[in-house]
Structure formats: C-alpha cells, structure tokens
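Have a look at the structure below before the remarks.
No hydrogens, no waters, no symmetry mates; every other heavy atom, side chains included, goes into these values.
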Amino acid sequence: MNRLTLFLALAAMLLGVALTNKATAADDARPNIVVVMADDVGLGDIAHYYREYTDSEPPLETPNFDALAAQGMWFTDAHSPTALCSPTRYSMISGNYTYRSYAPWGIWQTFRKSPFEPNQATLASIAKDAGYATGFVGKWHLGGDFNKASGEGLYRGVDRGEELNVDLTKTVGGGPEFVGFDYAFNVPCGVQGPVYTMYENGVWYPFSDESEIIFLDDDTVLDPKFLTSKGSGMGDSMWNARRLNDILSSKVVDFIEANSGDEPFLVYFCSPAVHVPWTPPATFDGEQVAGSTPTPHMDMIRELDLQIGRIVKALKGAGEYENTLFIFTSDNGGLFTNPKQHGHDASGLFNGFKNSPLEGGHRVPFIVTWPAKIEAGTSTDELIVAHDIVATVADIVGATVPEDEVMDSQSFLPILTAQPGAEGRDWLLLQAGANHEVLFRKGDWKLIMQSNPKQEVFEPIALFNIAETPFEPADANLIDDPSEQERVAAMLKEYLALRASPDRTTPVIAP
C-alpha cells in the first residue's frame, strides 16, 4: 500500500469514526416531546385523511396538519381509549384502561374527586423523573379540589348553580400540577363549561383587569353563544370563547420558548377545538377564520390547524423542531355533521361519530413527527391506542415504571423508528359513550357488547370483520350469523377474563 492509498484509507476511517460519533450523539439526544390532543376531531376533519378515505377533495384544507403528515408518520388504525372526552383524558395521562379508574365513564363535574391516586405514575411524572421540564395547557375535565367559600373543607357539590359555596380563585388539588406537571394552565371543562374560568398553576387567571367571578347566563355573559347545552354556571365575567384558543396556544408557545435549551421538555396541550360552541375568531395569526369556510364547525377546524402551525413555528424558531417528538391526536371521533351538506363528513366515511361504538366514534387521526428519527412521508396500518403514548414516552426517556403502574400502555417507538419486526397491538379493550357499550378488538375482528353504568353486564350486540368491512354498514354485522357464534363466544370469554384480571395487559416498562 503506497502512502497516498494509506492516507486516504486513514482519512476514510477517521471520517467514518466522526460520522459514527455524530450519529451516536444524535441518537443519545433525548427529544423534546409535544403531545397535542384536540377535542372532537374526526378523521374526515383532516384534509390528508379525508383524501385517503374518501378519494375526493376535502371541503376545507388543513395545510399545517398535512405538512405534519408529509414530514412524519401517520397511523391509519389508531384509536382513542373511549368515544368520549373525559374518560379518554384519564387514560392519556395514566396509561391505564378507563375501567381501572373509580369513574370509568368519566369525571364530568368540575368539583368531583380526581381519578388519579397520590404519587401515581403518569405521562408527566415519568418525564419529570427523567429530568424533563413538564407542562400542561388546555382542557382538563378530570375534576379537581376547591375549598368551600365558607372555609369548611373541600366543595363537592353541583357545578351549574348560582352563588355556589366554593372559592373559585384557586385550586387546592386534583389538577395537572398534582400529577407531575411543573407548569399548568388549564380550563376545568374546556370551552363548554361550567365552570367558565382559567387557572395558571392553580390560581385563577382573569380574562381581563375588569374580570370578576359571577354567575353567567344569557343575560350576564358577553355573548349567549359562549354558553353551551351544559348550561349556565359560575365563571369569569369577561369569558370569551372566541379568545380562548388564542390564549391557550400562546401559553404553549411561551412554555416552549421558556424551556428551550440544554434540558428537554414535555408539553401536553389539550386544545378545546373543535368542541361546541363553535365560536371562531375573526382572525388567527393574521389569517381569516370566521366565514373562511362553509360552516362555523369547519371554521374551528381551520383555527385548530392554525394553532398547530403556531406551535410548529415556535419549535422551529427555538431551534428545537428537528429533535422534537410531536404527536397529534383527538380525544374521540368527530362530531356528527350531515355529509351531504357542504361535502363534509367528519368521520371520513366510517360509520358512527363521537359517542358511538362504531369506528367513527373512536378511530382517530394520529400523526407523529420527529425529523431526527422518523422517515418523512410514511404511514402504518399497525393497531395502536392513543394512551400508548405514555409507554412510548417512558421508552424514549429510559424510565422504569412499577409493575402496577401504566398497566395498559404499549410503546410504539419501534414502529416510529422502523425497527425490524416492529408491530402494533394484537388486541384492544375500548369503550363507547353515554349508552355504555364496550368493545373488544382482536386482530381484524371487533365485538361490541352492551354494558350498563356499573359495567356489570356484557351482552354481545355486534360483530364486524374490520378488514373486510371497515366502514361497518349495518348489513355487515355478523352477530346473528350461525357460522360466527363460536367466535362470538370465544371473544366474549376472553374479554371477560381480561377485564376480571388485576394483572397488567402490556409488558412491564423498563429500559
């Protein structure tokens, strides 16, 4: 070997070492984590998914969502833990199925006891213990502790009355800051109330200097459109549903900018959009919103898309985007809209919608970007549930979680990083909504059972082969098919055994 050849060989070797070290450094850099969960957004509400499932052009564009899908990975078989808001929110933080909570159908009242146990492992505590700064912004809807105004202990009464015996100037427990979030800016029930107040680190955050806490009804609220079917209730005299999403997404940006730097951060943003009331602002970040689409509902989807754009812009501006795991999903399927009106189908041709046991009630958009790790423009048909985020975060930060914590969450990090043999779930236990149906998805098959509020009975009422009839037309229900009775019986038996077992349903989380 001559000197030139030897020099080139050594140079190549050194260059290879340098590249390896650079790759190793990137591999070892723990990402920031941003999780965004919208409210009542279905597959058909996102233009990228709408095109995928309807093979037609959507009635409105969602360029920021579509950019995420183009820059990362989108899931076609992702599900919310339930087809309703509050119980999903418990699972998203705990990594547990809802039936492990004392209130499996949800914590709907502002003053009800939290479903979380003291020192319980959560999405936030896992990241915090690993050295992350943790923040929560947005809709809580998981109860909370407020003192009685008379000073006689905690208030656990109604939340829709006038002059309640409750001190609404601060929370004393049960909120996001008590489950591992260093920073919390939350709205007890999102945009719909009651109660109509915002809190920063447990202290009432007034809408303006003129704010006072009063009883809000059609006569006292700034605009009757700001009150929903949930009714009147105590709240901020300057409550303004048109400003709410701007305030909340600005707080997410503030958290990102304040915590960018050497140590990583996790922020969980629960946007109230697109839950009713549909009160789109005139503009958002200089873009027209109100009246920019055929309906106020679609205007709110546009505003949500602009919220996503604002957060991504903040990450890029802080130099954090390339090494940020960004996850978007929804708490349940889309709201019912007439697909014949303005060409909009919130469920993207899937039968059912929010509250329903059919796919439209719980199959949700799920998009993940992480430029440093995830190949752009990819998709996967692997089966996951949204609360698998908890185990995925634990996997990323190298956490060890006690065997009796985060019992039903499974990491999908191997799927994101395209590890050989990476697979999703074989089965899922899900819930529907107000009619108390429960579901068992196993492989391509889905069994729907009628339960009751206390979940004491489980009567099979529908069986679908999701691979063959994903949109679940009524004539595809095989529950009475004689050739499927053995399958129905076997699935019911397996479901009951899983529900009755105190054991975890996923592998123990350890590095």
Side-chain angles (χ1 to χ4, degrees), residues 37-46 49 53 74-92 95-99 101 104-106 141 270 274-275 327-337 345-367 381-389 408-410 412 424-451 455 458 461-467 469-473 476-477 491 495 498-499 505:
M37 186 170 72
D39 201 341
D40 296 347
V41 170
L43 290 167
D45 290 327
I46 308 299
Y49 278 95
Y53 289 114
W74 56 284
F75 287 70
T76 66
D77 203 358
H79 300 262
S80 57
T82 74
L84 279 182
C85 158
S86 177
T88 284
R89 294 170 193 275
Y90 163 78
S91 293
M92 289 289 290
N96 292 336
Y97 284 129
T98 57
Y99 65 80
S101 161
W105 296 107
H141 224 164
C270 292
V274 298
H275 196 289
I327 301 175
F328 170 80
T329 189
S330 178
D331 62 348
N332 45 245
L335 291 165
F336 176 75
T337 55
D345 183 353
S347 296
L349 294 185
F350 286 94
N351 202 353
F353 44 91
K354 173 183 178 178
N355 198 43
S356 169
L358 299 175
E359 290 293 290
H362 53 85
R363 189 183 289 229
V364 290
F366 200 96
I367 305 172
D381 297 331
E382 295 295 337
L383 176 65
I384 66 165
V385 64
H387 68 248
D388 286 340
I389 291 171
D408 308 301
S409 183
Q410 178 175 314
F412 52 81
R425 287 169 165 269
D426 295 323
W427 52 268
L428 278 177
L429 308 182
L430 300 173
Q431 285 185 183
N435 294 324
H436 304 116
E437 302 97 338
V438 295
L439 302 82
F440 182 30
R441 169 76 182 273
K442 185 172 184 181
D444 293 335
W445 292 90
K446 173 180 169 184
L447 181 67
I448 302 174
M449 293 152 280
Q450 183 64 58
S451 187
Q455 298 192 354
F458 302 93
I461 58 172
L463 177 71
F464 292 98
N465 185 317
I466 298 299
T469 55
F471 300 131
E472 297 174 315
N477 182 359
M491 290 184 70
Y495 176 86
L498 290 166
R499 280 292 301 265
T505 63

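With sequence neighbours left out, T505 forms a side chain to side chain donor-acceptor pair (under 3.5 Å) with D408. By the side chain to side chain donor-acceptor pair (under 3.5 Å) test, H79 pairs with D77, H362, sequence neighbours left out. Shown here are the side chain to side chain contact (heavy atoms under 4.5 Å, CB included) partners of L349, two or more places apart in sequence or in another chain: T54, D345, F471. Checked against side chain to side chain donor-acceptor pair (under 3.5 Å), S86 has no partners two or more places apart in sequence or in another chain. In this structure, the ring-ring contact (aromatic ring centres under 6.0 Å, His included) partners of Y90, at least two apart in sequence or on a different chain, are F116. Listed by chain and number, the residues in a ring-ring contact (aromatic ring centres under 6.0 Å, His included) with F464 amount to none (sequence neighbours excluded). Here S101 pairs with nothing under the side chain to side chain donor-acceptor pair (under 3.5 Å) rule; sequence neighbours left out. Under the side chain to side chain contact (heavy atoms under 4.5 Å, CB included) criterion, F353 pairs with F336, S347, sequence neighbours left out. Residues satisfying the side chain to side chain contact (heavy atoms under 4.5 Å, CB included) test with S91, not counting sequence neighbours, are P81, T98, H387. Listed by chain and residue number, Y99, P104, W105, Q431, V438, S451, F458, R499 satisfy the side chain to side chain contact (heavy atoms under 4.5 Å, CB included) test with Q455 (two or more places apart in sequence, or in another chain). With sequence neighbours left out, W445 forms a ring-ring contact (aromatic ring centres under 6.0 Å, His included) with no residue at all. Partners of R89 according to the salt bridge (Lys or Arg N to Asp or Glu O under 4.0 Å) rule, which considers only residues two or more places apart in sequence or in another chain, are D39, D331.
Considering all non-hydrogen atoms of both residues, G42 and D45 come closest at N-OD2, 2.8 Å. Residue E472 comes nearest to E359 through the heavy atom pair OE1-N, 2.6 Å, listed as atom of the first residue, atom of the second, then distance. Closest of all the heavy-atom pairs between L43 and Y53 is CD1-CE1, 4.0 Å. Here the shortest heavy-atom pairing between Y97 and L429 reads CE2-O, 3.0 Å. Nearest approach of T329 to P365, heavy atoms of both residues: OG1-O, 3.0 Å. Between S80 and A386, the shortest heavy-atom distance links the atoms CA-CB, 4.4 Å.
Ring geometry, F440 versus Y495: the interplanar angle falls from 30° to 60°, so the pair is classed tilted.
Interatomic distance, CD of Q410 versus CG of D426, reported as 8.0 Å (0.5 Å rounding). Annotation: the span from D388 atom CG to F366 atom CZ amounts to 7.5 Å, rounded to 0.5 Å. Remark: K354 NZ to L335 CG distance equals 5.5 Å, nearest 0.5 Å. Taken from OG1 in T76 to CD in E382, the straight-line distance is 9.0 Å, to the nearest 0.5 Å. Taking CZ of F328 as the reference point, atom CD1 of I46 lies at 4.5 Å (rounded to 0.5 Å). Rounded to the nearest 0.5 Å, atoms CE (M491) and CG (L463) are 6.5 Å apart.
I389 is listed as a side-chain neighbour of F412, based on a closest heavy-atom distance under 4.5 Å. Contact of the I448 side chain with the L358 side chain is registered, since non-hydrogen atoms from C-beta on lie closer than 4.5 Å. Side chains of N332 and C85 form a contact here, defined as non-hydrogen atoms less than 4.5 Å apart.
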Derivation and outcome, side-chain contact (heavy atoms from CB on, under 4.5 Å), residues L447 and M449: CA-CA 7 Å; L447 181 67; M449 293 152 280; 4.1 Å; yes
